[in-house]
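This is the structure I want to talk about, given as structure tokens.
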Amino acid sequence: MDKDLLKTYRDFLKDNLRQVVDFSQTDQSRGVPPPPVEKPWPPDAARIDLPAREQWATIGEIDITEVIARRQSHRSFRPESLSLEELAFLLWATQGIRRVVRPGVALRTVPSAGARHAVETYLLITNVEGLHPGIFRYLPVEHQLLLVSAPENLADKVVPATLGQKFIATAPVVFVWTTIPYRMEWRYSIAAHRVIAMDAGHVCQNLYLAVSAIGAGTCAVAAYHQQLMDELVGVDGEEEYVIYLAPVGKV
Ligand SMILES: Cc1cc2nc3c(=O)[nH]c(=O)nc-3n(C[C@H](O)[C@H](O)[C@H](O)COP(=O)(O)O)c2cc1C
């Protein structure tokens with residue numbers, strides 16, 4: 001292994017950048033307005049209301065100790081749909097808004113460095129009650145789904161985009177998380193990227209815990225074809241790109 005290359009990548013995990021970044025020169029310090037807390041959407045885009053928290057009658061009480069003890073990755077799913085209530089619950093658990101503090105700042109059900117939340121959630125949906133198959137984006141502020149596209153044979157496109165991991169295409173829903181790095185760079189400049197990766201871990205861990213409450217399972221996936229996956233969810237690969245995904249289905 002190339003020693004210099006190893007050092008560069010090992011150093012990525014250190015917090016040394018904090019000593020070199022001139023935080024007085026970040027966009028935030030220079031008075032640039034914060035980017036929006038969620039990616040804007042075209043005003044004529046089709047949007048679907050998700051059931052609010054009070055409507056999750058199907059989500060039972062669950063013992064957190066048991067949930068943590070039972071957490072594991074699942075790669076085999078029953079051929080069953082998810083209800084819209086169940087999906088709404090999982091979206092809330094992973095990215096739900098707790099409180100909008102002021103323009104550009106919202107607190108969510110997961111932690112994030114500087115509360116910047118530089119993550120967007122896309123869903124590859126093949127079997128959710130009441131929804132046609134397609135690719136959707138979660139709008140956390142509105143607690144709605146936005147229809148992104150409805151490609152033919154969605155499940156078939158997922159397999160090459162995940163480097164042949166066929167089990168992912170059998171899930172009724174695949175969560176795909178992108179990052180919009182500028183949302184974090186606005187405050188942290190080049191110290192943004194390490195904490196974006198950390199943030200993504202919190203999002204997926206909440207998904208692992210939440211799926212237990214609906215008799216479902218998930219598996220974190222970091223191995224995928226970057227370009228194919230970016231193209232599938234319709235992001236440019238520069239200002240926004242996929243960083244993590246997780247199929248969800250009943251187990
Ligand atoms: C960052 C990360 C990336 C992962 N990527 C994949 C993946 O691409 N494919 C896969 O099948 N499992 C993937 N996994 C799941 C791990 O293989 C799994 O967590 C590990 O084998 C331990 O099993 P457990 O989660 O059941 O405890 C990933 C897990 C993490 C945390």
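First listed ligand is number 1; within each ligand, the first listed atom is number 1.
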### Query
With a 4.0 Å cut-off, would you call R187 and D27 a salt bridge?
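Judged by the 4.0 Å cut-off on N to carboxylate O distance, R187 and D27 do not form a salt bridge.
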### Task
For the pair H193 and E185, evaluate side chain to side chain donor-acceptor pair (under 3.5 Å) and give the outcome as yes or no after the intermediate values.
CA-CA 8 Å; H193 312 100; E185 292 160 356; 2.7 Å; yes
### Task
Below 4.0 angstrom from a heavy atom of A223, which ligand 1 atoms are there? Numbered from 1 as shown, please.
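Ligand 1 atoms under the 4.0 Å threshold to A223: 8 (O).
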### Task
Tell me which one of A220, S73, G217 gets a heavy atom nearest to atom 6 (C) of ligand 1.
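Ranked by closest heavy atom to atom 6 (C) of ligand 1, first place is A220.
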### Message
For E86, is there an ion pair with K250 - N to carboxylate O distance below 4.0 angstrom?
### Response
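E86 and K250: salt-bridged.
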#### Entry: Salt bridge E240-R183, side-chain N to carboxylate O under 4.0 Å
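Looking at E240 and R183, the cut-off is not met.
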### Query
For atom 9 (N) of ligand 1, what is the nearest protein heavy atom, given as residue, atom name and distance?
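The closest heavy atom on the protein side is Q165 OE1, 2.8 Å.
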### Heavy atoms from other residues, nucleotides or ligands near CZ of R53 exceed 12 (cutoff 6.0 Å)
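Not buried by this count: 12 neighbours or fewer within 6.0 Å.
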### Task
Please write down residue, atom name and distance for the protein heavy atom closest to atom 11 (O) of ligand 1.
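Scanning the protein heavy atoms, the shortest distance from atom 11 (O) of ligand 1 goes to R75 NE, 2.8 Å.
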### Task
Could you tell me the residue and atom name of the protein heavy atom closest to atom 2 (C) of ligand 1, and the distance to it rounded to 0.1 Å?
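Minimum-distance protein heavy atom for atom 2 (C) of ligand 1 reads Y244 OH, 3.8 Å.
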### Query
Considering only the protein, which heavy-atom contact is closest to atom 3 (C) of ligand 1, and what is its distance?
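For atom 3 (C) of ligand 1, the nearest protein heavy atom comes out as A222 CB, 3.5 Å.
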### Query
Relative to the heavy atoms of F167, which atoms of ligand 1 are at a distance of less than 4.0 Å?
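Within the 4.0 Å cut-off of F167, ligand 1 contributes 11 (O).
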### Audit row: N206, T94, side chain to side chain donor-acceptor pair (under 3.5 Å) steps and yes/no
CA-CA 6 Å; N206 264 23; T94 48; over 6 Å; no
### Polar atom proximity, C219 to ligand 1 (N or O, under 3.5 Å)
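Among all N and O atoms of C219, none is under 3.5 Å from an N or O of ligand 1.
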### Query
Does the protein put a heavy atom under 4.0 Å from atom 16 (C) of ligand 1?
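Answer yes: something from the protein, a heavy atom, is under 4.0 Å.
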### Task
Around atom 27 (O) of ligand 1, find the nearest protein heavy atom and jot down its residue, atom name and distance.
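Minimum-distance protein heavy atom for atom 27 (O) of ligand 1 reads R71 NH2, 2.7 Å.
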### Task
Could you point out which residue of V174, L146, T178 forms a side-chain contact (heavy atoms from CB on, under 4.5 Å) with Y122?
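In the set V174, L146, T178, the residue that makes a side-chain contact (heavy atoms from CB on, under 4.5 Å) with Y122 is T178.
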### Query
Near Q72, which atoms of ligand 1 are under 4.0 Å from a heavy atom of that residue?
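Under 4.0 Å from Q72, ligand 1 has these atoms: 26 (O).
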#### Entry: Qualifying residue, where the test is side-chain contact (heavy atoms from CB on, under 4.5 Å) with L123 and the options are V176, L87, I135
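Going through the options one by one, the only one that passes is L87.
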